[in-house]
Amino acid sequence: MTTPSLQDTHFAPAASPVGFGRRSGKITVSPMVGRMSRFAAVGAFGTVLNLGIMSVMLGLGTHYLAAAFVATELTILSNFLMQERLVFHDMRERRPFWQRFAANFGFNNIETVVRMPVLVLLVHLLLIPGLVAQAVTLAAAFLVRFAFTSRVIYRVRPSASVPALVPATAITPVGVESA
């Protein structure tokens, strides 16, 4: 009996999003890294749009909180539509559109309610301009938004085509004969 070597295994380290292709010799990147990059690009566009809307509203004399709220609501909608098309296009069939929209809209509005007091603190205590404070809070919430969106809204659900796990009682240890 030979001892298995590392060359015999077909597993790559799970913790690393970047690996070395077994057969091709090319560096490979986890699909999650690509998805997160696209999510970040949509978020960056949404942030620029959010700050643009807020800037226009501030220029019209709107209070910074009202401007931040309106800009956020509009970009929640635009970001959801862009994520549907550019980030999670291959995962849309897992939940109906309206369920995905409701979960996205609900989560992002809860996140907005949490973020607004931070915005107030940044503006009134640290004297950061409203537009800059809005950018800081949007950036700070990025990872939380990505985690929720990818793990809850577009989560992979087990299907009938995925084989069930074998119960532990059905496994016979090596070297032990069953009666």
Side-chain angles (χ1 to χ4, degrees), residues 13-19 28-159 162:
S16 176
V18 178
T28 59
V29 178
S30 162
M32 188 58 79
V33 172
R35 195 174 305 280
M36 186 179 219
S37 298
R38 290 189 307 272
F39 189 88
V42 167
F45 178 81
T47 299
V48 170
L49 182 61
N50 183 301
L51 297 175
I53 293 167
M54 187 173 172
S55 181
V56 167
M57 292 184 72
L58 290 172
L60 295 172
T62 308
H63 188 273
Y64 77 93
L65 278 177
F69 180 77
V70 170
T72 297
E73 292 303 309
L74 292 173
T75 54
I76 286 172
L77 177 60
S78 68
N79 281 4
F80 172 73
L81 294 173
M82 286 188 291
Q83 288 167 8
E84 281 276 298
R85 177 95 171 130
L86 304 172
V87 181
F88 298 104
H89 55 86
D90 57 333
M91 301 174 81
R92 293 187 299 205
E93 300 305 318
R94 296 183 180 158
R95 290 175 87 175
F97 175 83
W98 291 109
Q99 282 183 5
R100 294 189 312 271
F101 177 77
N104 182 283
F105 193 73
F107 172 78
N108 280 294
N109 276 292
I110 290 168
E111 182 265 332
T112 299
V113 167
V114 170
R115 202 168 37 80
M116 286 298 152
V118 176
L119 182 67
V120 171
L121 290 173
L122 291 173
V123 170
H124 290 286
L125 290 180
L126 299 178
L127 305 175
I128 296 174
L131 205 57
V132 174
Q134 175 81 335
V136 168
T137 62
L138 288 171
F142 168 77
L143 288 176
V144 174
R145 272 189 245 109
F146 178 74
F148 181 84
T149 303
S150 62
R151 305 282 178 176
V152 176
I153 297 173
Y154 296 97
R155 76 178 173 267
V156 176
R157 295 177 182 201
S159 67
V162 176

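All values below were derived from every heavy atom in this structure, side-chain atoms included, with hydrogens, water molecules and symmetry-related copies excluded.
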TODO: Could you label the plane-to-plane angle of the F105 and F101 rings as parallel, tilted or perpendicular, counting under 30° as parallel and over 60° as perpendicular?
DONE: parallel
- [ ] Return the minimal non-hydrogen interatomic distance between V123 and P129, and the atom names on each side.
- [x] CG2-C, 4.4 Å
Open item on the list: Using the ring pair (Phe, Tyr, Trp, His ring centres under 6.0 Å) criterion, which residues pair with F45? Sequence neighbours excluded.
Closed with: none
Open item on the list: Can you give me the closest heavy-atom contact between N79 and G43, atom names plus distance?
Closed with: ND2-CA, 4.4 Å
Open item on the list: Please give me the minimum heavy-atom distance between A133 and I128, naming the atom from each residue.
Closed with: N-CG2, 3.6 Å
TODO: Just say parallel, tilted or perpendicular for the rings of F88 and F39, cut-offs at 30° and 60°.
DONE: perpendicular
Task: Shortest non-hydrogen separation from T72 to Q134 and the atoms involved - done: OG1-NE2, 3.4 Å
Open item on the list: So which atom in M116 and which in L65 form the shortest heavy-atom distance, rounded to 0.1 Å?
Closed with: SD-CD2, 3.9 Å
Open item on the list: Please enumerate all residues that pass side-chain hydrogen bond (donor to acceptor under 3.5 Å, both in side chains) together with T149, with sequence neighbours excluded.
Closed with: none
- [ ] Output, in order, the C-alpha distance, side-chain angles, deciding distance and verdict of side chain to side chain contact (heavy atoms under 4.5 Å, CB included) for T112 and F107.
- [x] CA-CA 9 Å; T112 299; F107 172 78; over 6 Å; no
Open item on the list: Checking N104 against I76 for the side chain to side chain contact (heavy atoms under 4.5 Å, CB included) test, could you report, in this order, the C-alpha distance in whole Å, the side-chain angles of both residues, the deciding distance, and whether it holds?
Closed with: CA-CA 8 Å; N104 182 283; I76 286 172; 3.9 Å; yes
Task: Residue pairs, two or more places apart or on separate chains, that pass salt bridge (Lys or Arg N to Asp or Glu O under 4.0 Å) and touch residues 72-85 - done: E84-R100
- [ ] Just grab all the salt bridge (Lys or Arg N to Asp or Glu O under 4.0 Å) pairs involving residues 105-116, residues at least two apart or on different chains.
- [x] E111-R115, E111-R145
TODO: Write down the atom of M54, the atom of A67, and the distance for their closest heavy-atom approach.
DONE: CG-CB, 3.8 Å
Task: With sequence neighbours excluded, residues passing side-chain hydrogen bond (donor to acceptor under 3.5 Å, both in side chains) with H124 - done: Y64
TODO: Check whether any side-chain heavy atom of M91 lies under 4.5 Å from a side-chain heavy atom of R35, and answer yes or no.
DONE: yes
- [ ] Inspect the surroundings of CZ in F69 and state if more than 12 heavy atoms from other residues, nucleotides or ligands are less than 6.0 Å away.
- [x] no
Task: Derivation of the side chain to side chain contact (heavy atoms under 4.5 Å, CB included) call for V87 and M82 - done: CA-CA 7 Å; V87 181; M82 286 188 291; over 6 Å; no
- [ ] Give the C-alpha distance, both sets of side-chain angles, the deciding distance and a yes or no for side chain to side chain contact (heavy atoms under 4.5 Å, CB included) between S78 and L81.
- [x] CA-CA 5 Å; S78 68; L81 294 173; 5.9 Å; no
Open item on the list: A side-chain contact here means heavy atoms from C-beta on lying under 4.5 Å apart; do H89 and Q83 qualify?
Closed with: no
Task: Gap separating the OG1 atom of T47 from the CG atom of L138, nearest 0.5 angstrom - done: 5.0 Å
Open item on the list: With rounding to the nearest 0.5 angstrom, report the CG to CG distance, L122 to L127.
Closed with: 10.5 Å
- [ ] For the residue pair Y154 and S150, establish whether any side-chain heavy-atom pair is separated by less than 4.5 Å.
- [x] no
Distance-only donor-acceptor pairs under 3.5 Å for side chains of residues 55-62, two or more places apart:
unit_1: T62; atom_1: OG1; unit_2: M57; atom_2: O; d: 3.0

